[in-house]
Each structure stands twice: as structure tokens, then as C-alpha cells.
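Note sheet for the following structure.
Quick note: numbers below take in every heavy atom, side chains included, and nothing from hydrogens, waters or symmetry partners.
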Amino acid sequence: MSVTCPEGHTSASTDYCDVCGAPIGTPSAVASPTPSAAEPTPATCPHCGSPAATGALFCENCGYDFTTGAAPHVPATSSLDLGATVPAPAGAATAGAPTTAVPSGTGATPAPDPLEPPPAVASPPGTGAAPPSSVTSPATGASPTTTDPSAPLAPPLAGDDAWVAELWIDPDWYAAQQAEDPMPSVGLPVLVPLRERSVLVGRPSASRNIRPQVDAGADSGVSRRHCQLNTDGHRWWVEDLQSSNGTFVARVGEALPENPIRPGQRHELQDGDRLYIGSWTRLVVRRALPGEV
């Protein structure tokens with residue numbers, strides 16, 4: 001009697017292999033498993049009713065297990081899934097549904113519309129708060145008027161007298177100065193109302209924030225801060241502010257002045273005095289005629 005060792009050699013010995021010496025166990029007949037007959041696959045899925053292919057183990061539509069009969073697992077719907085329908089919270093209005101008006105007297109306040117601007121908040125009664133730009137007269141009880149910071153200041157001069165400054169182009173003064181810049185055409189004077197007690201004469205400069213009340217900016221011989229005019233309401237004084245070309249004063253009928261006034265000292269102007277500044281500018285301070293101011 002011969003046996004086969006675990007390595008596949010034929011051996012006459014039944015305990016050890018004659019070829020490789022491997023131990024040989026007691027031979028036993030190993031019964032080959034008899035294949036069981038496959039359960040027939042139903043023609044349709046009992047879970048979803050879709051047609052099932054012959055010999056299929058799972059339904060291709062819903063995943064039903066034909067062998068065990070286990071139903072497919074349906075995952076829970078998440079609000080993060082695209083296209084998932086999320087139930088609306090309680091009390092939320094359905095899109096497109098009509099809004100029911102709240103009857104008066106129920107005490108319920110309707111929800112504000114987010115597209116509407118917020119209502120204006122009224123000042124509580126009794127506080128006396130007024131808008132910062134309004135001024136109310138307590139004596140007359142007049143209605144509030146809005147103040148405009150850009151409005152011109154009222155004339156601070158005492159009395160009803162008004163003063164003006166005449167700006168002339170003087171050809172004789174231009175010839176005496178022998179300026180290089182061409183002189184403008186001679187015409188009527190420019191009238192400048194003098195509304196303050198202290199008036200600056202010069203040329204404006206936006207970078208240096210210089211805005212003279214008497215603007216002689218057309219004359220390049222005039223300094224930015226050339227001279228200052230001051231009054232007490234009846235008399236006028238002129239003071240040179242360290243100008244480059246000086247300030248000259250002459251009486252009516254006199255020749256053109258040759259010597260400027262001393263800088264930093266006030267010089268009183270007489271009636272009809274003429275001030276000469278720059279290359280061609282002549283300035284006269286006088287009382288205003290009716291209708292000029």
C-alpha cells in the first residue's frame with residue numbers, strides 16, 4: 001500500500017515520506033463538498049419591483065440582497081446635501097403664501113420688512129432736544145432756522161456807515177515801477193466791501209491757506225500778505241506786513257510817493273488818501289455810496 005505525503009511524493013511508508021521525510025498523518029477520506037444548488041433568483045425585486053437579472057445577488061436599483069433578504073439601508077437626509085429639502089422652522093412663512101394682516105387691537109406687532117429702511121427715531125417729549133443745525137429764539141418763539149457756516153458774516157462795524165475799497169490799475173505807477181509783467185487793460189475799479197474791522201490785502205494762496213479780503217492776485221508785485229487795514233468804525237489805518245515791494249501812501253493831487261511806510265507801524269489814512277502796492281495797483285478806502293453795498 002502506498003500513500004502520498006503532504007509534499008505530493010509517493011511513499012511506501014505510512015509514517016514518514018520515503019522521499020522528503022515529511023511526517024504522514026493517518027489518511028482519511030476527505031469528503032468533497034457537494035455544491036448546493038443555487039437558490040433561484042426572483043424575476044422581480046420584492047423590495048422595489050424592478051426587473052432582476054438571472055443569477056444576480058443584489059438588485060441593481062435598490063440594492064436588495066436576494067440571498068439574505070436584507071432590505072437596503074437608506075441614509076438619513078442631511079441639510080448639507082445639495083437638493084435636500086430642509087423642513088422650514090415653525091412659524092416661518094411659506095414662499096409665495098399670502099401674508100395675513102394682523103387685526104388692530106390684538107396687541108401683536110408684525111415683523112419688520114428687511115427691505116424697508118428703519119423708521120426715524122423721534123425725540124422723546126419733554127427733552128427739549130433740537131437738531132444741532134437749528135437755532136430757536138426763546139424770546140420771540142420763532143420757528144428754528146438752519147445756520148449755514150458758509151454764509152457771510154454780518155458787518156461788525158458800529159453805526160450804519162459802510163466802507164468800500166477801490167482797486168485801480170494805475171498806468172503812472174506801473175511806469176514808475178518798471179515792472180517786467182505786462183499791465184492789464186485800464187478800466188473801472190473793482191469795489192470790495194469792507195465788512196470787518198481788520199482786513200488783509202494781498203494775493204491768495206491755497207497751499208498756505210491765505211485768503212485776503214481785498215484780493216489783488218492779478219498783480220504779481222503784491223505779496224501774499226502785503227498789508228493790513230484796520231478801523232474803529234470812523235477812521236482807517238494801514239500797516240505794512242513786511243511786504244517785498246513795500247506799501248506807499250500819497251494824498252490826493254500829490255505826486256507819486258517815493259518812500260514806503262515803515263513796516264510794522266500803523267499809518268492813519270486821511271480822507272482821499274491813495275495806497276500804491278505791487279506793480280500797478282492803486283487802492284482807495286472810502287465810504288460806500290447808496291446802493292454800492
Side-chain angles (χ1 to χ4, degrees), residues 149-174 176-177 179 181 183-184 186-293:
S150 62
L153 298 177
L157 303 180
D160 297 331
D161 295 335
W163 297 80
V164 295
E166 295 180 351
L167 286 177
W168 293 84
I169 297 176
D170 194 322
D172 296 334
W173 181 251
Y174 175 76
Q177 298 304 307
D181 295 340
M183 184 188 70
V186 180
L188 296 177
V190 177
L191 292 182
V192 180
L194 304 179
R195 301 181 182 276
E196 302 178 14
R197 293 184 179 271
S198 182
V199 178
L200 176 64
V201 181
R203 290 189 301 121
S205 173
S207 60
R208 299 169 58 183
N209 196 24
I210 298 177
R211 299 178 176 86
Q213 290 86 347
V214 180
D215 186 354
D219 192 343
S220 59
V222 178
S223 300
R224 298 292 184 186
R225 299 173 56 86
H226 196 100
C227 61
Q228 192 88 13
L229 295 175
N230 300 283
T231 184
D232 60 357
H234 304 281
R235 297 174 298 173
W236 284 89
W237 289 266
V238 60
E239 178 182 351
D240 185 81
L241 302 177
Q242 302 289 338
S243 63
S244 299
N245 297 321
T247 302
F248 299 79
V249 180
R251 302 296 305 272
V252 179
E254 293 182 354
L256 294 176
E258 298 180 357
N259 299 320
I261 63 176
R262 299 184 61 180
Q265 294 185 2
R266 295 200 306 172
H267 179 87
E268 185 176 356
L269 297 177
Q270 303 299 325
D271 188 17
D273 280 359
R274 303 180 177 186
L275 278 70
Y276 295 90
I277 59 176
S279 300
W280 59 72
T281 303
R282 184 180 77 223
L283 191 148
V284 178
V285 177
R286 62 171 176 81
R287 294 182 184 271
L289 300 177
E292 285 185 334
V293 178

Find out whether [X] and [Y] are in side-chain contact, i.e. whether some heavy atom of one side chain is under 4.5 Å from a heavy atom of the other.
X    : Y    : answer
D240 : H226 : yes
I261 : V238 : yes
S198 : Q228 : yes
D215 : P204 : yes
I277 : D219 : no
N259 : P257 : no
V199 : T231 : no
T281 : L275 : no

Are more than 12 heavy atoms from other residues, nucleotides or ligands located less than 6.0 Å from atom [atom1] of [X]?
X    : atom1 : answer
R225 : CZ    : no
E258 : CD    : no
D172 : CG    : yes

Check: Any ion pair linking D273 and R251 (charged N to carboxylate O, less than 4.0 Å)?
Finding: yes

Shortest non-hydrogen contact between [X] and [Y], atoms and distance:
X    : Y    : result
Y174 : A179 : OH-O, 3.6 Å
L256 : A176 : CD1-CB, 4.2 Å
P193 : V164 : CA-CG1, 4.2 Å
Y276 : A250 : CE1-CB, 4.0 Å

[atom1]-[atom2] distance between [X] and [Y], expressed to the nearest 0.5 angstrom:
X    : Y    : atom1 : atom2 : result
R262 : E239 : CZ    : CD    : 12.5 Å
S220 : W280 : OG    : CH2   : 5.0 Å
L188 : W168 : CG    : CH2   : 7.0 Å
Q242 : T247 : CD    : OG1   : 10.5 Å
N230 : L269 : CG    : CG    : 10.0 Å

Next item on the list: Could you walk me through whether V192 and Q213 pass side-chain contact (heavy atoms from CB on, under 4.5 Å), step by step?
Entry: CA-CA 8 Å; V192 180; Q213 290 86 347; 5.6 Å; no

Next item on the list: Decide yes or no on side-chain contact (heavy atoms from CB on, under 4.5 Å) for L241 and V201, but give the supporting numbers first.
Entry: CA-CA 10 Å; L241 302 177; V201 181; over 6 Å; no

Next item on the list: State which residues pass side chain to side chain donor-acceptor pair (under 3.5 Å) with Q177; sequence neighbours excluded, sorted by chain then number.
Entry: none

Notebook entry, point to check: Going by the angle between their ring planes, with limits at 30° and 60°, are W236 and W163 parallel, tilted or perpendicular?
Noted result: perpendicular

Checklist line | S223 side chain to S244 backbone, donor-acceptor under 3.5 Å | finding: yes

Side-chain donor/acceptor pairs under 3.5 Å, residues 286-293, sequence neighbours excluded:
from	atom 1	to	atom 2	distance (Å)
R286	NE	E166	OE2	2.5
R286	NH1	E292	OE1	3.0
R286	NH2	E166	OE2	3.0
R286	NH2	E292	OE1	3.4
R286	NH2	E292	OE2	2.9
R287	NH1	D161	OD2	2.8
E292	OE1	L289	N	2.8

